[in-house]
Each structure stands twice: as structure tokens, then as C-alpha cells.
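Here the structure is laid out as C-alpha cells; the discussion comes afterwards.
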Amino acid sequence: MVSIRPSVRQTPAYVPGEQPQTNDFIKLNTNENPYDPPAQVLAAVAAELPKVRLYPDPVSTQLRQAAADLYGVQLNQVLAGNGSDDILNIVVRTFVDPGEIVAFLDLTYSLYETIASVHGAKVQKIATDANFDLTGPVICPGAKLIFLASPNPPKGKHLKREFLWQTCAQAEGVVVIDEAYGDFSDEDHWDFLQEFDNVIISRTLSKSYSLAGMRVGLAIAAPTLIEEMDKVRDSYNLDRVAQALGTAALRNQAEFVPLWQKVRSTRTRLMAQLAKLDFQVCPSDANFVFAAPRWIAAADLYQALKEKKILVRYFNHPRITNYLRITVGTDAEIDQLLSAIASLKGSLE
């Protein structure tokens, strides 16, 4: 028998959103940006394709410099990863020994638990209230690592800034503030880096920069933390096309801002229309809306929409079994979603 580490064998696998194998679905289940990157960003690919026989820059220098310039930090404060999931794995492997504590909210991004458990860490879940909100700072003595997403899935709202600050101030270990959806709101936590040497901000280009297929993530932190994380990072962890597109995207941020505003505008309309269709709708600072239909089981609505070639996200979790997470698509996609929901609701009345 092949020996498998108990922590791996006992950990349920992370289940990503469904990726359909045909192109006839309206895909509102994986929080991708519905809009293509600007042409000048895509143009960066052409110069790299003839060079694919050559290894890429092993430390993603141009990408990291573009991020440093944009976020007002130094080059040695930035680490690039193969998506922000890679960053999260690097953090666990850098700062946590098996058997030590990794803390995160109940509920939050489910991958935190997967990577911590596979590593053999002890998981400590921090309770949220009935609205999935924190009621105070995270007090977790002995935790080597605390993951805090803001905006926090599955609800999509920012965590209260005061509670985040207090958490970072009292934490004995590292605090990761995961800002995967930060560009769809007016709030960030860059100033925390100036106050705390134990804070890492995680960013991704998958969502706001329309590069989910390229897998580009960033960690921004004190140079002492980045230096240690760089030892754990896989060599050549970002291919040259991903580096080129990521660099171009960050250097052309102004071209993305109108796309983010379109998502926010559509998000507002989606929330209002879902409320009119008798959903309990959670406020959102992200590119998705979390809502519970009051007139049908969420699992049944998910399946009915799927039969109409519309994918949304359903989580079979006790606390959110009657909620759906709906990615903000284009206005046309959202119109089709709302029309389908209205038709289904009408058929039950």
C-alpha cells in the first residue's frame, strides 16, 4: 500500500466552481470579470510567444515593480504567485509548522481550511453572527496565522475596519488580509502595512483585472516576511505570458476602472431586482451577490437555472443551504438571469 499522509487523506478536497465544457452557458458561478482586458493589455502577449522556449524571469521583476509602483511600496515588499491561491499556500508553508494553529472565520473562503488541513495545521474557526459578520476582533492566542478576507465571501462585505486593526495589533502570528475583491469597493488596507510588520495583503488579478485564466497573485508585506516567503516559492512559478499580461494590466489600471464601475452599477441593479423577486439579499462590496430566495429552495433554483444554461453557485453547507452566490455578469447576462428567475417564480404561483 502507498503511504499517504493522514492530514492529506482526512482532508476533503476543495471543490471549485463548475467549469462547463460547452460555450452555451451564462457563467455566473466563479466570480470572473465579465469584461475582456483592454486591447493594450492583451497586446503584451505577442512579444512573449516567440520566447516560450526560454525560461521566464524567475522572480517576476517587472510584474513586481509594476505592483510596487501602483501600490506605493518597494520592490522587496512584493512577491508574485501563481494566483492568490499560490500566495496562500506559500504563507502557510512559510510560517506554520504542522500542529500549529491557523485561524479563519466561519464562514469564509473555504480553501483556507483545505490548505491548512493538508499541511497538518490545527484549524480554529472564528464565529460570525447570523448575518455572517464579525462582532469583534479575532482573539486567537497562539495562532501562527490568521486569514481574514475583506470583502469576505460568501457574503461579500468588508469586515469592520476597527476589528481588523485590533486583530492585527494583538495577533501573535501573521495576519493575511485577503483583498481578492478589493477593487470593486472603495476600501483597502494599505495603511496597515505601515503600522504592522506582521500583516500580509494578498491580491489577485483574476477578478478585477480579467486575468483569471493567467493565474497572477501578489503578496505585499514587510521585506522581512517577503524574503522568507521567497524561499518557499516554487522556482519559475509564473510563466512569461502571465508575467507580461499582469505587468501590462497593472500599468494600465486606469483602463480597468470604468469596467469596475460597470460591475458595481450592475451589482446595485441586481441586488434591487432580486429583492423585488422576493430574495433576502446581502449587501455586497464584491463582484458577486449572496442572496436567499424565500419562495423556493436554493438547491432547486440552482438546478432549474442550470437546466436553462445559467450557472450560479450553490454551497451545500448547513449555514447557507438556502443561499445562492451570483457573479455580477454583463447587463445582458443579468437580464437573462432575472428573466429566468421571474419565469420560474411565476410558474410556482
Side-chain angles (χ1 to χ4, degrees), residues 13-14 16-17 19-21 23 27 30-71 73-94 109 111 114-115 118 176 178-183 200-221 225-253 255-256 259 287:
Y14 172 73
Q19 297 290 345
Q21 300 303 304
N23 296 322
K27 198 165 175 295
T30 50
N31 298 344
E32 295 143 327
N33 195 316
Y35 303 108
D36 294 333
Q40 59 265 48
V41 173
L42 294 176
V45 174
E48 299 305 317
L49 289 180
K51 305 175 186 176
V52 293
R53 68 181 182 84
L54 303 173
Y55 284 110
D57 177 1
V59 294
S60 304
T61 305
Q62 292 188 42
L63 172 65
R64 291 167 50 237
Q65 188 62 62
D69 294 342
L70 181 62
Y71 300 135
V73 298
Q74 300 299 311
L75 180 64
N76 63 355
Q77 290 182 259
V78 183
L79 184 82
N82 184 26
S84 61
D85 291 350
D86 185 29
I87 295 295
L88 304 178
N89 270 290
I90 290 171
V91 169
V92 171
R93 291 161 56 203
T94 302
Y109 183 28
L111 186 66
T114 301
I115 61 177
V118 165
V176 173
D178 185 347
E179 293 189 347
Y181 303 98
D183 288 319
I200 299 168
I201 292 180
S202 172
R203 283 267 174 156
T204 177
L205 277 65
S206 293
K207 304 170 193 313
S208 53
Y209 288 95
S210 305
L211 293 178
M214 284 289 97
R215 314 302 300 126
V216 180
L218 299 165
I220 303 93
L225 300 186
I226 296 297
E227 181 180 5
E228 300 306 317
M229 291 169 64
D230 194 50
K231 299 175 184 177
V232 176
R233 176 187 60 82
D234 291 344
S235 58
Y236 304 107
N237 64 329
L238 274 178
D239 68 58
R240 60 172 54 253
V241 175
Q243 289 186 40
L245 282 171
T247 302
L250 294 174
R251 288 180 176 166
N252 287 276
Q253 188 201 57
E255 301 298 322
F256 286 93
L259 304 183
N287 69 333

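Values in this document were obtained by computation on a predicted structure and should not be read as measured data.
With a 4.5 Å cut-off on side-chain heavy atoms, I226 and N76 do not count as touching. Y209 has its side chain out of reach of M214: every pair of non-hydrogen atoms, C-beta onward, lies at least 4.5 Å apart. Considering only heavy atoms from C-beta on, L245 stays 4.5 Å or farther from E48 through its side chain. Side chains of E255 and V41 form no contact here, defined as non-hydrogen atoms less than 4.5 Å apart. Contact annotation: the side chain of P37 approaches that of F256 to within less than 4.5 Å [non-hydrogen atoms, C-beta and beyond]. Side-chain contact between I87 and L79 is present, with at least one heavy-atom pair separated by less than 4.5 Å. With a 4.5 Å cut-off on side-chain heavy atoms, Y71 and L250 count as touching. Looking at M229 and V91, their side chains come closer than 4.5 Å, going by heavy atoms from C-beta outward.
We find the CG-CG distance between L211 and L42 to be 8.0 Å, quoted to the nearest 0.5 Å. Here CG of L225 is found 12.5 Å from CD1 of I220. Values are rounded to the nearest 0.5 Å. Distance check, rounded to the nearest 0.5 Å: CG of D234 to CD1 of I90 gives 7.0 Å. With rounding to the nearest 0.5 Å, the separation of CD in Q65 from OG in S60 is 12.5 Å. Taking OG1 from T204 and CG from D178, the interatomic distance works out to 8.5 Å, rounded to the nearest 0.5 Å. To the nearest 0.5 Å, the span separating CD1 on I200 from CG on L88 amounts to 9.5 Å.
Contact detail for D239 and A242: the closest heavy-atom pair is OD1-N, 2.7 Å. Closest approach of A44 to A244, counting heavy atoms only: CB-O, 3.7 Å. Across every non-hydrogen atom of T30 and G17, the tightest pair is CG2-CA, 3.6 Å. Residue G81 comes nearest to D86 through the heavy atom pair CA-OD2, 3.4 Å, listed as atom of the first residue, atom of the second, then distance. Closest approach of P20 and K27 over heavy atoms only: CD-CE, 3.5 Å. Residues N33 and S208 share a closest heavy-atom pair of ND2-O, 3.2 Å.
For the ring-ring contact (aromatic ring centres under 6.0 Å, His included) test, no residue two or more places apart in sequence or in another chain qualifies with Y35.
With R251 contributing its side chain and A66 its backbone, the two residues share no donor-acceptor pair below 3.5 Å. Side chain of N287 to main chain of N31: a donor-acceptor pair is present (N/O by atom type, distance under 3.5 Å, no hydrogens or angles). Without hydrogens or angle criteria, R64 side chain to V78 main chain gives a donor-acceptor distance under 3.5 Å. The backbone N or O of Q19 sits less than 3.5 Å from a side-chain atom of Q21, completing a donor-acceptor pair. Using modelled atom types, one side-chain atom of D57 and one backbone atom of T61 make a donor-acceptor pair closer than 3.5 Å. Counting only distance, with no hydrogens or angles, the side chain of N237 and the backbone of A80 share a donor-acceptor pair below 3.5 Å.
Within a 6.0 Å radius of CD in Q74, no more than 12 heavy atoms belonging to other residues, nucleotides or ligands are found. No more than 12 heavy-atom neighbours from other residues, nucleotides or ligands sit within 6.0 angstrom of OH on Y55. Counting heavy-atom neighbours within 6.0 Å of Q62 CD, excluding the residue itself, gives a total of 12 or less.
Sorted by first then second residue, the salt bridge (charged side-chain N to carboxylate O under 4.0 Å, His left out) pairs that include residues 204-217, not counting sequence neighbours, are D85-R215.
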